[in-house]
2 protein chains.
Amino acid sequence: MGKQMTEMLKGTLEGIVLAILSMRPAYGYEITAWLREQGFSDIAEGTIYALLVRVEQKRLVDVRKVPSEKGPPRKVYSLNKQGQEYLEEFWRTWSFLTERLEQLHEGGK
Amino acid sequence: MGKQMTEMLKGTLEGIVLAILSMRPAYGYEITAWLREQGFSDIAEGTIYALLVRVEQKRLVDVRKVPSEKGPPRKVYSLNKQGQEYLEEFWRTWSFLTERLEQLHEGGK
DNA sequence: CTCAGGTATTCGGTGTTGCTAGGTACCAGT
DNA sequence: ACTGGTACCTAGCAACACCGAATACCTGAG
């Protein structure tokens, strides 16, 4: 999708994944597939797994192993209390950014 | 403002600066000051200068030295044709992201 | 039975980016 | 002479997304 997207995803991808997990528990492969459907066509598989490891280490999610019928066991992640707070903080930061950018976008016409 | 902002600025800060330059030519010190006024309280000075060097090397801006009454000469940057196209591409990428995130934000309530 | 192919996770190395923490230089007022 | 505001630059660091490859499990085609 272009280099701009790659850089823009830094910081927001984490929020996106946490937002997904806030709706329902999910595992890496599933999240990757969903993101691709949503148009994030070039999100690398490895990226999501690495991100999930990070949020786990930050204690923002709980994990449980669930056997799969079609492959190795899934690692199903769910957002915990701390993760919810972190996600709310993410939305605040995001809102701040969008407000400034919207102003700039309007002003630039 | 927090670590989330730092990561989120990666990729967007460049667009922000280019958007500013699309309205009027400006120099580094001025841009830094303006950003701080807008609430980007902890944007480091060095960050902006490094960013300006990068966009100059990418040929997105034109530069001219202008003597200052109060210090060393200013390097005034202005967006050129290529920079405008790049900025439009930035807005397209940004719009894509905001749409997805807005959906997620709504869905998460 | 073997082998391709979908499912599912992991890992090492790379490039880009913003931050830290300085430094240089010019000038005005005390 | 010295402080402080203006204005720019740099080297080293940490975080993050990407790339490419490897591993592991299972099913169905040949």
Side-chain angles (χ1 to χ4, degrees), chain A residues 1-18 25-36 40-58 60-61 63-77 86 90 93 97, chain B residues 1-18 25-36 40-58 60-61 63-77 86 90 93 97:
Chain A
M1 277 205 77
K3 206 144 74 50
Q4 302 219 39
M5 183 58 92
T6 294
E7 292 307 321
M8 237 183 266
L9 282 176
K10 292 186 181 178
T12 54
L13 187 56
E14 185 178 87
I16 291 172
V17 169
L18 293 180
Y27 55 97
Y29 192 82
E30 187 186 7
I31 295 173
T32 305
W34 187 83
L35 287 173
R36 291 211 215 272
F40 294 99
S41 46
D42 59 349
I43 285 190
E45 189 124 38
T47 299
I48 297 299
Y49 288 112
L51 192 158
L52 288 170
V53 168
R54 286 201 303 269
V55 294
E56 183 184 356
Q57 279 165 353
K58 286 196 225 168
L60 305 178
V61 292
V63 195
R64 64 178 204 281
K65 271 220 164 79
V66 176
S68 162
E69 324 81 40
K70 313 190 103 184
R74 299 166 173 163
K75 284 181 73 177
V76 175
Y77 295 83
Y86 189 90
F90 168 80
T93 307
L97 246 194
Chain B
M1 278 206 76
K3 209 144 71 53
Q4 301 217 41
M5 183 59 92
T6 294
E7 291 307 321
M8 241 183 265
L9 282 176
K10 294 187 180 178
T12 54
L13 186 56
E14 184 179 270
I16 290 171
V17 169
L18 293 179
Y27 55 99
Y29 191 82
E30 187 186 7
I31 296 172
T32 305
W34 187 83
L35 287 173
R36 291 210 216 270
F40 294 100
S41 45
D42 59 347
I43 284 190
E45 262 205 285
T47 299
I48 297 299
Y49 289 113
L51 192 156
L52 288 170
V53 167
R54 286 201 303 270
V55 294
E56 183 184 356
Q57 279 165 353
K58 286 196 224 168
L60 304 178
V61 292
V63 196
R64 64 178 204 282
K65 269 219 166 79
V66 176
S68 161
E69 325 80 42
K70 313 189 103 185
R74 299 167 173 166
K75 283 181 75 177
V76 175
Y77 295 82
Y86 188 91
F90 168 80
T93 307
L97 246 194

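In what follows, chains are A, B, ... by sequence order, proteins preceding strands, each numbered from 1.
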**Asked** Between A:Glu7 (CD) and C:dT14 (P), how many Å, whole number?
**Response** 18 Å

**Prompt:** Atom OG1 of B:Thr12 and atom CZ of B:Phe90: how far apart are they, to the nearest 0.5 Å?
**Reply:** 6.0 Å

**Fill in**
From CH2 of B:Trp34 across to P of D:dA7 the rounded distance in Å is 18 Å

**Prompt:** Rounded to the nearest Å, what distance is computed from the CZ atom of residue B:Phe40 to the C1' atom of nucleotide C:dG18?
**Reply:** 13 Å

**Prompt:** What do you reckon, is NZ of B:Lys58 surrounded by more than 12 foreign heavy atoms closer than 6.0 Å?
**Reply:** yes

**Message:** Is it the case that the side chains of A:Glu14 and A:Tyr86 hold a donor-acceptor pair, with the cut-off being a distance below 3.5 Å and no angle test?
**Reply:** yes

**Request:** Figure out the CE/P separation between B:Met8 and C:dG18, and round it to whole Å.
**Result:** 14 Å

**Between D:dC16 (C1') and A:Leu52 (CG): distance, integer Å** = 14 Å

List the atom pairs, with distances to 0.1 Å, where a side-chain N or O of residues 49-56 of chain B and a protein N or O form a donor-acceptor pair under 3.5 Å, not counting sequence neighbours.
{"unit_1": "B:Tyr49", "atom_1": "OH", "unit_2": "B:Tyr29", "atom_2": "N", "d": "3.4"}

**Asked** Can you check the A:Asp42 CG to D:dG20 C1' distance for me, whole Å?
**Response** 16 Å

**Asked** Should B:Val66 and B:Tyr27 count as side-chain neighbours, where that means a heavy-atom distance under 4.5 Å?
**Response** no

So which protein N/O to nucleotides 28-30 of chain D N/O distances come out below 3.5 Å?
none

**Asked** Would one find more than 12 heavy atoms of other residues, nucleotides or ligands at under 6.0 Å from atom NZ of A:Lys65?
**Response** no

**Message:** Looking at every heavy atom in both A:Pro25 and A:Val76, which two are closest together, and how far apart are they?
**Reply:** CB-CG1, 3.7 Å

**Request:** Measure from the side-chain heavy atoms of B:Leu9 and tell me the nearest of C:dC19, D:dA7, C:dT7.
**Result:** C:dC19

**Message:** Can you tell me if A:Thr6 touches the phosphate of D:dA17, counting only side-chain N or O atoms and a distance under 4.0 Å to OP1 or OP2?
**Reply:** no

**Item:** Distance below 4.0 Å between B:Arg54 side-chain N/O and C:dT17 OP1 or OP2
**Value:** yes

**Request:** State, to 0.1 Å, how close A:Glu7 and B:Gly11 come at their nearest heavy-atom pair, and which atoms those are.
**Result:** CB-CA, 3.6 Å

**Message:** If I take atom CD in residue A:Glu69 and atom P in nucleotide C:dT7, what distance separates them, rounded to the nearest angstrom?
**Reply:** 12 Å

**Message:** If you assign each of B:Lys70 and B:Glu14 to its closest nucleotide in DNA chain C, which residue comes earlier from the 5' end?
**Reply:** B:Glu14

**Request:** Keeping the roles fixed (side chain from B:Arg36, backbone from B:Ile43), state whether a donor-acceptor pair exists under 3.5 Å.
**Result:** yes

Quick one: which protein N/O atoms are closer than 3.5 Å to N/O atoms of nucleotides 8-14 of chain D? Pair and distance per line, please.
{"unit_1": "D:dC8", "atom_1": "OP1", "unit_2": "B:Lys75", "atom_2": "N", "d": "2.5"}
{"unit_1": "D:dC8", "atom_1": "OP2", "unit_2": "B:Gly28", "atom_2": "N", "d": "3.4"}
{"unit_1": "D:dC8", "atom_1": "OP2", "unit_2": "B:Tyr29", "atom_2": "N", "d": "2.8"}
{"unit_1": "D:dC8", "atom_1": "OP2", "unit_2": "B:Tyr49", "atom_2": "OH", "d": "3.2"}
{"unit_1": "D:dC9", "atom_1": "OP1", "unit_2": "B:Lys75", "atom_2": "NZ", "d": "3.0"}

**Request:** Check the distance between D:dC16's C1' and A:Ile48's CD1 and give it to me in whole angstrom.
**Result:** 12 Å

